[in-house]
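Please read the structure below before turning to the comments.
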Amino acid sequence: MSHPGLRARFEPSSMALWLTIAALVALAALAASCAEDPAAAPCDDGLTPCGGACFDTQADPDHCGGCEGVCASGTRCEAGVCVGGDGGGGGGGAGGELCASGLVACGGGCVDVKSDPLHCGTCEARCPVHETCVEGACVCDEGFALCGGRCVDLAVDLAHCGACGAACAPGLFCREGVCACAVGDYEDIGSTVPRLLTGTTVGAEAYFSLACTAVGSSEFVYRFTAEEAGRYKFDTAGSSYDTAIGVVDFDACEALACNDDRGGAMTGSASVDLEEGQSVFLVVAGYDGAQGDFALHLDRMAPPACPLDTLATALPLSVTGDTWRLGDAVSTRCGSIDTSDASYSFTAPHAGGYVFDTSGSTFDTVLELRKGSCSGAVISCNDNDSAVGAKTSRLVANLAEGQTVVAVVDGVDGGSGPFTLNVSEYVPPPCPELTLGTTFPQRVTGTTAIPDRMSALPSPCTRDSGPEATYAFTAPATALYTFDTFGSSFDTVLHLHKGTCSGESVACNDDASGTQSQVEVMLREGETISVVVDGYAPVASGAFQLNVSQTFVLPCPLIDLGSTVPQTVTGTTADVADVLRPSCGAGAGEVTYRFTAPAAGTYIADTFGSSFDTVLSVLDGSCTGAELACSDDALESEQSRLTLELAEGQTIVLLVDGSAAGASGDFTLRIAPFSGGGTCSTAIDLGSVVPQLVTGSTAERPESVRPTCGSSSHAPDMIYRFTAPQDGLYIFDTFGSSFDTILQLLKESCTGTSLGCNDNADGRQSRVALTLAADQTVLAVVDGIGVSSGDYVLQVDRFTGPGTCATAIHLGSPLSLTRTGTTRGQPDAVRPTCVSAASVSSPETVFTYTAPIGGTYIIDTIGSSFNTVLHVHTRGCAGTEQQCNDDLTSSQASKVEIKLARNQTITVVVDGYNGASGDFTLKITKL
C-alpha cells in the first residue's frame with residue numbers, strides 16, 4: 001500500500017456537505033451585514049440599530065453613514081455624509097479633515113470609490129465575494145467567470161462546471177472543471193494485474209455506503225484503470241473479517257457491482273466488463289460495520305471457453321484446475337450467473353452408469369452435465385452432495401456407448417478457486433441385496449439415499465424412478481402375501497418380480513395410501529420373489545419401512561355346485577382374501593364356485609338378495625381361466641345378473657365379489673336355466689318372409705347382448721334370426737314399441753360383427769337399413785335404453801323405392817334445376833362426415849347429377865321443412881365425399897359449392913341432422 005502522503009485529496013461527493021457550505025456562506029454574509037451591532041434590535045423604517053438604540057444614519061452626526069460614522073467638530077451630517085461648517089462639500093474625514101481629491105467620505109472615512117470593493121462607484125455599492133472593484137465597477141476575480149449574474153469558479157462549481165450552465169448530475173462533483181465521482185481519499189493503483197493488495201479499514205471513513213453492506217461501514221478505496229478491454233475480477237478472499245466489495249465507475253459514479261459473501265464465504269467477489277482506459281473505484285468495506293485487515297485480489301478473466309478440454313476414457317480419472325481467472329461460459333441450472341466455470345467433454349467408452357464428482361475442490365462447487373455440447377440439454381445438475389454433507393457436488397448418469405456429455409464445474413454465487421473433477425464407473429449393488437427369508441409378519445428398515453446409488457431397475461408402473469433397495473422373499477406356504485412401505489419418509493413405489501430382479505414383473509403399485517405403496521400377490525409354497533423398494537422420481541429417496549404379512553386364502557373354487565339347476569347358495573365374503581380382480585369392480589374379498597352346465601342353453605346367474613354391493617364374474621374352466629362376463633349393479637340395483645350361453649358339460653367358475661375395496665358381507669347366489677326363446681342360443685327364426693311384423697315383450701328377459709350404440713345398462717333383450725330372400729336393401733325398425741328401444745343387427749351370431757345399430761331414429765324408436773345378399777343371415781336384437789323394457793314391435797321389409805344408394809334418382813344435366821321430395825320412409829345407408837358420429841342417423845334420398853359444362857356449381861336445400869345435411873360424393877355413395885355441409889349460416893338449410901368437369905357425374909345425398917326427416921327442396925345452379 002502506498003504512503004498516505006501520496007494519496008490524492010478532493011472534494012466530497014455528498015450533496016449534504018455542499019448544502020452545509022452554502023449555509024455557512026449565507027451566515028457569514030448575514031454576520032458581515034450585522035457587524036456594526038450584532039445585538040441590534042429591530043428599528044422603524046429609516047433607522048439603523050446601533051449600540052442597542054436606533055439612529056438616522058442619514059442625519060445623525062454621531063452615526064453618519066453608519067454606526068461608526070462620527071462627524072468632526074464643526075461639521076454636520078447630510079444624506080449620510082459629514083459636511084463642513086463653512087458649507088463646503090467633499091465629505092468629512094477622520095478627525096474632521098476634508099477628504100483628499102479623488103476620495104469620497106464613506107462610513108466615516110475617505111475611500112476611492114473607483115477601487116474600493118466595499119464602496120465601488122458609490123458608498124453603498126459593495127462588490128460580492130469573488131469580485132474586485134475596477135474603475136468603479138465590480139468585476140470577477142481572476143479564475144472566476146460571470147454566470148447567471150454572479151461570479152463562479154468553473155473548476156469546482158456544481159451548476160457551472162467548466163462552463164456556464166454545465167451542471168453536474170446528482171451524486172457527481174465538479175473537480176478541475178470536470179464532473180466526476182470523488183469521495184474521500186483514495187489510492188491510485190494503476191492498471192497492473194494480477195495483483196494482491198493488503199490493507200485495513202480500521203479507522204477509515206465511510207462515504208459510499210454500498211448497497212450490499214450496512215450503512216456506516218468503513219471503507220478503503222482504490223482507483224483502478226483497465227489497461228485493455230475485458231472482464232476483470234476482484235475479491236477479498238483471505239481477509240480477516242466479513243468483507244464486501246463494490247466497483248464504482250470513476251467518471252459516472254455508478255455502482256457497477258457490489259457483493260457480500262460470494263460462494264457462501266464471508267468475503268466479497270465481483271466481476272465487471274471494462275473498456276480500455278476505463279477507471280473504477282474499488283471499495284473494500286465491512287458488513288454491518290465490521291472492520292479489519294483485508295486482502296484484495298485483482299485479475300483479468302480469460303474469455304469464456306467451453307469445453308476447455310476433452311477427458312480421457314480410461315477410468316477412473318481426475319483432473320485439476322482453478323476457475324479463478326476463467327470466464328463464465330455456462331450458466332448452470334442449479335448454480336448462479338456471473339460465475340467462472342471449467343468444462344470438459346467426455347465420451348462414454350461403453351454403456352453404463354458413470355459417477356462425476358468434485359471431491360477435493362476448495363470452494364462450494366456446482367456440477368452439471370449437458371448432452372453432446374455446451375449448449376445441449378441439461379441432463380442433471382447438483383449443488384452440495386447431500387449424501388456426505390459436503391459442499392462438493394456429485395452426479396451419477398446412465399450413458400450409452402459413445403454418448404458424449406459436457407461436465408461443467410461451476411461455483412455457487414460467484415465462488416471460484418482450485419477444483420478437482422473425478423470420473424469413475426458406477427458399479428450397481430447386487431440384486432437382490434438382502435434376503436428376507438420366509439418370516440412373516442416382519443418389518444425391515446433401510447434407506448435408498450446412499451452415495452452414488454442410482455436407479456438400476458425401471459419401475460413397471462411409473463414413468464421414472466429413483467434409487468432402490470432390493471430383497472428376496474420365499475413363501476413359507478401357499479397364501480396371499482401383502483408387502484407395503486407404510487411409514488416411509490418419501491414417495492415410494494413398490495414392485496415385485498418372479499425369482500430375480502430381472503424376472504417377470506408380478507405386481508407394482510404407487511400411492512396406495514398417500515405417497516406409500518402396497519401390493520398383494522398369491523405365492524406358492526417355496527416360491528421366491530424379488531421385492532423392490534423404489535422412488536417415484538429420480539430424486540425420490542430416503543429412509544423406508546418395508547412390511548410383510550400373510551393372509552389365509554380360501555381354496556379356489558371353494559365349492560363345486562355340480563350340474564344341479566336351479567339352485568341357490570348363500571355365504572359371506574367377510575374376512576376373506578382378495579385374490580382375483582373382476583374387470584367391472586374395484587375388488588374386495590371373493591368366494592368362488594364351480595358349475596358345470598347339464599345341457600347346452602342359456603343360464604342366468606344373479607346375486608339378488610345379497611346384503612352388500614356385489615360384483616358377479618364368470619371365469620372359463622378354472623380360477624385362472626379367462627373372464628367370460630362380469631356384472632355390477634344390474635336392473636338399477638346394487639346386485640348383479642349375468643346371462644350365460646353354455647355348452648353341455650362346459651365348466652365355469654362363478655366369483656361373488658365386492659364392488660369396491662371393503663365391500664363385503666352375506667350374499668345369495670342363484671343359477672338357473674332360461675327356458676324361453678329369443679336368446680343367443682335360441683334366437684327366434686323369422687325365416688325369409690318380407691314384409692313381416694312381430695310383437696313381444698322384453699320384460700323378465702335376460703340380457704344376452706350389450707349394444708354398440710345408445711346407453712343400455714343391463715337392459716333385457718329379444719333376439720331374432722332373419723335370412724334375406726334376395727339381394728337388396730332391408731329396413732328393420734321398432735316403430736310402435738311402448739318403451740325407448742335400441743335396435744342392433746349382428747352378423748350370424750351374438751359374437752359376430754355389429755352390422756348396424758340405432759337408438760332414436762324417430763323419437764324413442766329405432767331403425768336400421770342394411771344391404772344384404774340373398775341367403776345372408778343376421779341376428780336382430782331388440783334392446784332398451786338403460787334398464788328399460790316393455791312391449792315391442794319389430795318390422796322387417798325390403799325397400800324397393802327409388803332414392804337409395806343402389807337406386808339413385810338421376811337429375812339429368814340442366815344448368816339450373818329445382819327438385820322437391822321427402823326423406824320420410826327412406827333408408828339410412830350412408831353417414832355424412834360433417835355431423836358428429838355420436839348423433840342419431842337419419843334417412844336420406846340419393847340423387848345423381850351430370851354437369852353439362854365445366855365450372856363451379858352451387859347445390860343447396862334452402863326452403864326445406866327440416867334440419868338438412870347435404871353431402872356430395874364421386875363414384876356413388878361409397879365413393880369419396882367431396883363436400884359436406886350442415887346449417888348454412890344461421891338456418892337449418894345446407895349449401896355446398898363444387899367444381900365439376902364437363903360430363904362429370906356426382907352423387908348428391910339429401911340427409912337429415914340427428915334423426916330429422918321431412919320434405920325437402922333441392923336446387924342446383926351454376927355460377
Side-chain angles (χ1 to χ4, degrees), residues 231 233-238 259-271 297 299 301-302 304-312 315-346 353-371 373-397 399 405-426 449-454 538-539:
R231 191 165 187 85
K233 187 172 184 179
F234 316 93
D235 77 35
T236 59
N259 173 256
D260 170 50
D261 297 348
R262 294 297 289 267
M266 292 195 299
T267 56
S269 176
S271 58
H297 304 260
D299 207 346
M301 298 172 65
C306 186
L308 294 178
D309 203 352
T310 298
L311 299 177
L315 302 180
L317 64 85
S318 294
V319 60
T320 59
D322 193 326
T323 61
W324 161 250
R325 295 190 69 249
L326 298 178
D328 180 23
V330 179
S331 294
T332 50
R333 185 175 65 188
C334 59
S336 64
I337 60 173
D338 188 28
T339 305
S340 303
D341 53 59
S343 50
Y344 298 89
S345 177
F346 173 75
Y354 293 85
V355 181
F356 299 78
D357 72 66
T358 60
S359 176
S361 299
T362 63
F363 62 101
D364 191 352
T365 61
V366 169
L367 182 60
E368 183 173 86
L369 289 184
R370 296 197 169 209
K371 287 184 177 180
S373 66
C374 298
S375 59
V378 175
I379 298 173
S380 187
C381 189
N382 175 254
D383 170 33
N384 297 345
D385 181 6
S386 59
V388 296
K391 289 189 175 182
T392 56
S393 306
R394 175 184 274 106
L395 290 173
V396 184
L399 302 180
V405 296
V406 173
V408 183
V409 180
D410 208 340
V412 172
D413 197 24
S416 61
F419 68 87
T420 300
L421 174 62
N422 309 293
V423 185
S424 60
E425 291 190 50
Y426 175 75
I450 302 173
D452 292 344
R453 179 63 61 93
M454 63 183 294
V539 295

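Because only heavy atoms are used, hydrogens play no part in the values below, and waters and symmetry mates are left out as well, while side chains stay in.
Heavy-atom minimum distance, S416 versus K233: OG-NZ, 2.7 Å. Nearest heavy-atom pair, P307 versus S345, reported as atom, atom and distance to 0.1 Å: CB-N, 3.9 Å. Contact detail for C381 and E368: the closest heavy-atom pair is SG-OE2, 3.5 Å. G238 approaches T267 most closely through the heavy-atom pair N-CG2, 4.3 Å. Of all heavy-atom pairs spanning S424 and L315, the tightest one is C-CD1, 4.2 Å. Between T420 and S361, the closest heavy-atom pair is N-OG, 3.0 Å.
Checked against side chain to side chain donor-acceptor pair (under 3.5 Å), S271 has the following partners two or more places apart in sequence or in another chain: R231, D338. Taking S373 as the reference, S375 meet the side-chain contact (heavy atoms from CB on, under 4.5 Å) condition, with sequence neighbours excluded. Under the side chain to side chain donor-acceptor pair (under 3.5 Å) criterion, D357 pairs with N422, sequence neighbours left out. A342 pairs by the side-chain contact (heavy atoms from CB on, under 4.5 Å) definition with L308, T323, L326, Y344, F419, not counting sequence neighbours. For T310, the side chain to side chain donor-acceptor pair (under 3.5 Å) test picks out no residue, with sequence neighbours left out. Contacts of R325 classified as side chain to side chain donor-acceptor pair (under 3.5 Å), with partners at least two apart in sequence or in another chain: D299. Residues satisfying the salt bridge (charged side-chain N to carboxylate O under 4.0 Å, His left out) criterion with D322, sequence neighbours excluded, are absent altogether.
A distance of 10.5 Å separates OG1 of T236 from CE of M266, quoted to the nearest 0.5 Å. Here the straight-line distance linking atom CZ of R333 with atom CD1 of I379 works out to 10.0 Å at 0.5 Å rounding. Here the CG-OG1 distance, from L369 to T332, works out to 12.0 Å after rounding to the nearest 0.5 Å. For the atom pair SG (C334) and CG (D410), the distance works out to 8.5 Å, reported to the nearest 0.5 Å.
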- prompt: Checking side-chain contact (heavy atoms from CB on, under 4.5 Å) for the pair V355/L395: CA distance, chi angles, key distance, verdict?
  reply: CA-CA 6 Å; V355 181; L395 290 173; over 6 Å; no
task: Kindly determine whether L311 and L421 satisfy side-chain contact (heavy atoms from CB on, under 4.5 Å), including the steps that lead there.
output: CA-CA 10 Å; L311 299 177; L421 174 62; 4.2 Å; yes
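No donor-acceptor pair under 3.5 Å is formed between the side chain of S269 and the backbone N or O of D235. In this structure, the side chain of D364 does not engage the main chain of V412 through any donor-acceptor pair within 3.5 Å.
Partner of T365 under the side-chain hydrogen bond (donor to acceptor under 3.5 Å, both in side chains) criterion, chosen from D341, T358, N384: T358.
Looking at heavy atoms from C-beta onward, H297 lies out of side-chain contact with F234 at the 4.5 angstrom threshold. Within the 4.5 Å cutoff, the side chain of V366 has no heavy atoms near those of the T339 side chain. Within the 4.5 Å cutoff, side-chain heavy atoms of V406 are placed close to those of V408.
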